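Accompanying notes for the structure given below.
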Amino acid sequence: MRSALTSSDPAIQEFWADLRKTTQARIGLGRAGTALPTRQVLELAAAHAAARDAVHIPLDTEDLAGAVRAVGIGEPVLVTSRAGSREEYLRRPDLGRLPAEGNDVPAEPADIGFVLADGLSPTALSHHGANLLAALVGALADRYTLARPVIATQARVALGDHIAAAQGVRTLLVIIGERPGLSVADSLGIYLTHLPGPGRTDADRNCISNIHPPDGLGYAEAARVAAGLVGGAVALGRSGVQLKDTSRPALGQDDADRAIS
């Protein structure tokens, strides 16, 4: 009688190898007795260390400012939240939503404002922030006026509302490092708020997440979706739960028409 296949059989290994090509999730890892194989244990430990580093390694604002400056929409402004340290930022999310005393953001009325925030992964902003900003500028500059970019540290999404109010922008795009996981430690999100200001809630925003090429959403695609949402927000007069992204399945319509539900 033929014995059952085990996880060490070539057919089983080939099956899982093909599936692993389609996902970053840890699947079909095998086993050594009652535990994972040594290689998978070490890979998991390395991923956990990378995720912790992504949260705790501070943003190199000077390096990022140079890359953002090269995008060509003005000298970046540097601000920080009321969280005085990374530890306080993690313990007190409320402080990350408020600007520190003395943070002066010059008034610069414009259609679109950009805040590049470290969030829960400064590593993500370092890896992808300037390139994503360049893609957004390329997708928006021909139709809208753009304010100079702002780089924010120890920042939560809502800090952008205070910055946007000071600048006087009508639509805000917050580019922020997303919470790292054991598969991806450097993913960015874009949070869009039309008519931003203190008191806005998550229900007033739209989010584009999982931006981390080559394995996640690419810069150009993220910028295209954002441009569609901006057009829809301007036409609708609001962002948030009433504004839907219908741009991906229908590429032949006007961005504003596609983004309004």
Side-chain angles (χ1 to χ4, degrees), residues 6-10 12-61 63-64 81 83 85-97 116-133 135 152-159 174-191 202 205-222 225-226 245 248:
T6 68
S7 61
S8 62
D9 287 304
I12 294 295
Q13 291 297 317
E14 183 179 358
F15 171 81
W16 285 113
D18 288 340
L19 282 183
R20 279 194 290 269
K21 294 175 183 178
T22 67
T23 178
Q24 293 177 290
R26 287 178 167 78
I27 58 174
L29 300 182
R31 64 183 181 182
T34 59
L36 290 172
T38 300
R39 177 178 178 178
Q40 278 68 39
V41 171
L42 293 176
E43 288 178 350
L44 183 64
H48 185 259
R52 289 178 61 87
D53 286 348
V55 173
H56 290 284
I57 292 177
L59 180 68
D60 186 337
T61 54
D63 183 68
L64 180 62
S81 75
S85 66
R86 198 62 180 167
E87 290 70 24
E88 187 173 46
Y89 169 81
L90 295 172
R91 292 196 311 267
R92 294 284 306 274
D94 57 315
L95 297 181
R97 300 183 182 107
L116 293 92
D118 54 2
L120 287 168
S121 179
T123 298
L125 195 62
S126 296
H127 288 179
H128 305 296
N131 288 333
L132 178 56
L133 177 65
T153 56
Q154 315 292 25
R156 304 278 176 172
V157 173
L159 179 62
V174 176
I175 302 167
I176 191 167
E178 296 184 312
R179 183 187 304 274
L182 294 179
S183 296
V184 180
D186 65 343
S187 180
L188 283 180
I190 301 173
Y191 286 82
D202 289 342
R205 313 186 200 283
N206 295 84
C207 178
I208 306 166
S209 63
N210 201 39
I211 305 167
H212 57 98
D215 298 312
L217 192 64
Y219 307 132
E221 176 67 5
V225 174
D245 169 29
R248 289 179 236 205

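The shown structure was predicted, so the numbers you read here are calculated from the model rather than taken from an experiment.
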Let me have the donor-acceptor pairs involving side chains of residues 35-55, under 3.5 Å, with sequence neighbours excluded, atom names and distances please.
{"residue": "Arg39", "atom": "NE", "partner": "Glu43", "partner atom": "OE2", "Å": "3.2"}

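- At a threshold of 4.5 Å between non-hydrogen side-chain atoms, the residues Gln154 and Leu59 do not count as touching.
- Every side-chain hydrogen bond (donor to acceptor under 3.5 Å, both in side chains) that Asp186 has, sequence neighbours left out, goes to His127, His128.
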- Would Asp245 and Asn206 satisfy side chain to side chain contact (heavy atoms under 4.5 Å, CB included), going step by step from the backbone distance to the final call? CA-CA 9 Å; Asp245 169 29; Asn206 295 84; over 6 Å; no

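- Partners of Asp215 by salt bridge (charged side-chain N to carboxylate O under 4.0 Å, His left out), not counting sequence neighbours: none found.
- Between the side chain of Ser209 and the backbone N or O of Gly189 there is no donor-acceptor pair closer than 3.5 Å.
- Looking at Leu188 and Leu125, their side chains come closer than 4.5 Å, going by heavy atoms from C-beta outward.
- Annotation: salt bridge (Lys or Arg N to Asp or Glu O under 4.0 Å) contacts involving residues 120-130, sequence neighbours excluded, are absent.
- Crowding of Arg86 atom CZ: a count of heavy atoms from other residues, nucleotides or ligands under 6.0 Å exceeding 12.
- Note that the CG atom of Leu132 and the CD1 atom of Ile211 stand 5.0 Å from one another [nearest 0.5 Å].
- Listed by chain and residue number, Thr80 satisfy the side-chain hydrogen bond (donor to acceptor under 3.5 Å, both in side chains) test with Thr153 (two or more places apart in sequence, or in another chain).
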Throw together a table of side-chain donor-acceptor distances under 3.5 angstrom for residues 88-96, partners on residues two or more places apart or in other chains.
{"residue": "Glu88", "atom": "OE1", "partner": "Gly84", "partner atom": "N", "Å": "2.6"}
{"residue": "Tyr89", "atom": "OH", "partner": "Gly119", "partner atom": "O", "Å": "3.3"}
{"residue": "Tyr89", "atom": "OH", "partner": "Ala155", "partner atom": "O", "Å": "2.9"}
{"residue": "Arg92", "atom": "NE", "partner": "Asp94", "partner atom": "OD1", "Å": "2.9"}
{"residue": "Arg92", "atom": "NE", "partner": "Asp94", "partner atom": "OD2", "Å": "3.4"}
{"residue": "Arg92", "atom": "NH2", "partner": "Asp94", "partner atom": "OD2", "Å": "2.7"}

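- Every residue two or more places apart in sequence or in another chain that forms a side chain to side chain contact (heavy atoms under 4.5 Å, CB included) with Asp60 is listed here: Glu62, Asp63.
- By the side chain to side chain contact (heavy atoms under 4.5 Å, CB included) test, Asn210 is found to be paired with Ser187, His212, residues two or more places apart in sequence or in another chain being considered.
- Closest non-hydrogen pair, Pro213 versus Gly218, comes out as CB-CA, 4.1 Å.
- Interatomic distance, CD1 of Ile176 versus CG of Asp118, reported as 7.0 Å (0.5 Å rounding).
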